Protein chains: 2
Amino acid sequence: MAVIEDELSLVFSALADPTRRAILERLAHGDATVNQIAEPFAMTQQAVSKHLKVLERARLISRTRTAQSRPCVLDTERLDAVAGWIERHRRIWAGRHDRLDRHLAALQATQRRDGETPR
Amino acid sequence: MAVIEDELSLVFSALADPTRRAILERLAHGDATVNQIAEPFAMTQQAVSKHLKVLERARLISRTRTAQSRPCVLDTERLDAVAGWIERHRRIWAGRHDRLDRHLAALQATQRRDGETPR
DNA sequence: AGTTTGCACAACCAATTGGTTGTGAGACGT
DNA sequence: ACGTCTCACAACCAATTGGTTGTGCAAACT
């Protein structure tokens, strides 16, 4: 339905998949080929290739052609945009909370664990 | 396909829609009823209601029942988790770019708090 | 009591997503 | 030259997404 999709939406939806986040974590430790990336996952090479295309479209990774392999490299710039958006809104919301002195929502802030369950 | 979806994926995919981000921006300026939220959008009230349900499932907003209206309130906590993820990865990636990759193994070991263990 | 307002549930629809298998191109090893 | 390895394209499929209309409940207004 969304023919044209803004950058932010592309990045967020690319990050909305555990497999793709795992791929990014893998790449954070060093560049890798498609097969190296695909190896730990319980899915076909083609499926991983699709995920890489999504990440590439969101410009979270870029790829070069070295002989017959297509090494994947992280692209930091995109993540800065997302971090910027988040930070802006965090600030607004934090301000709102101080002003309104709402319910003791601050108590929930002790929970800082984000569990991931890859397949 | 993803029957069980982790918190992070829920939040990211909730943020991956411009309409929903606009709703959050609207709510940042104050609580609002469904109709107030729906007013500026060129879509039906039911569609907005669906978006609100997505945001609620991602726990980016919470709702109370006040008489016949269902005011929406922002929930900051979730965004902290996302900001945390982003920040962690930004650091790793930044480190990768202006440092020697070899020495990073130690650093990333200390920063890995969300167990993404693909297998 | 009857009407209006605020909201959500249900059924439907087209487009997208995330996976599969099948296939084939291009670079490498021998 | 031949086989192998790396990777992506195409066709297909089920499930999900993002919208619609139709409907109906519950609270509020008159």
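Residue numbers start from 1 in every chain, and the chains themselves are labelled A, B, ... in the order their sequence lines are given, proteins ahead of strands. Nothing here was measured: the structure is a model prediction, and the numbers come from that model.
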Enquirer: Go through D:dG19, D:dC7, C:dG18 for me and flag the one nearest to the A:R63 side chain.
Expert: D:dC7

Enquirer: When the distance from CD1 of B:I37 to P of C:dC7 is rounded to whole Å, what number comes out?
Expert: 8 Å

Enquirer: To the nearest angstrom, how far is B:Q45 atom CD from D:dG22 atom P?
Expert: 14 Å

Enquirer: In whole angstrom, give the distance that lies between atom NZ of B:K50 and atom P of C:dG6.
Expert: 22 Å

Enquirer: Would you say A:R20 reaches C:dT17's phosphate, i.e. side-chain N/O to OP1/OP2 under 4.0 Å?
Expert: no

Enquirer: Let me know the distance between NE2 of A:H51 and C1' of C:dT20, rounded to the nearest Å.
Expert: 12 Å

Enquirer: Any side-chain heavy-atom pair from A:I23 and A:F41 closer than 4.5 angstrom?
Expert: yes

Enquirer: Using 4.0 Å as the upper bound for N to carboxylate O, is an ion pair formed by B:D31 and B:R26?
Expert: no

Enquirer: Determine yes or no for a side-chain-to-main-chain donor-acceptor pair under 3.5 angstrom, with B:E39 supplying the side chain and B:Q36 the backbone.
Expert: no

Enquirer: Which is true for B:T33 with a 4.0 Å heavy-atom rule: it touches a base, it touches only sugar-phosphate, or it touches nothing?
Expert: sugar-phosphate

Enquirer: Relative to the ring of A:F12, is the ring of B:F12 parallel (under 30°), tilted (30 to 60°) or perpendicular (over 60°)?
Expert: tilted

Enquirer: Measure CG/B:L52 against P/C:dA8 and give the value in whole Å, please.
Expert: 7 Å

Enquirer: CZ of A:F12 versus C1' of C:dT16: gap in Å, rounded?
Expert: 20 Å

Enquirer: Does C:dC7 have OP1 or OP2 sitting under 4.0 Å from an N or O in the side chain of B:S49?
Expert: no

Enquirer: Counting distance alone, no hydrogens or angles: does the base of D:dG22 have a donor or acceptor under 3.5 Å from a partner atom on the side chain of B:Q46?
Expert: yes

Enquirer: Counting heavy atoms from C-beta on, name the nucleotide in D:dG18, C:dA8, C:dG18 closest to the side chain of B:V34.
Expert: C:dA8

Enquirer: For C:dC9, does either OP1 or OP2 sit under 4.0 Å from a side-chain N or O belonging to B:K53?
Expert: yes

Enquirer: Round to the nearest Å and state the distance from B:M43 atom CE to D:dG18 atom P.
Expert: 10 Å

Enquirer: Rounded to whole Å, how long is the line connecting atom CG of B:L15 with atom P of D:dG18?
Expert: 12 Å

Enquirer: Please determine if a side-chain N or O atom of B:N35 lies less than 4.0 Å away from the OP1 or OP2 oxygen of C:dC7.
Expert: yes

Enquirer: Less than 4.0 Å between a side-chain N and a carboxylate O, is that true for A:R90 and A:E87?
Expert: yes

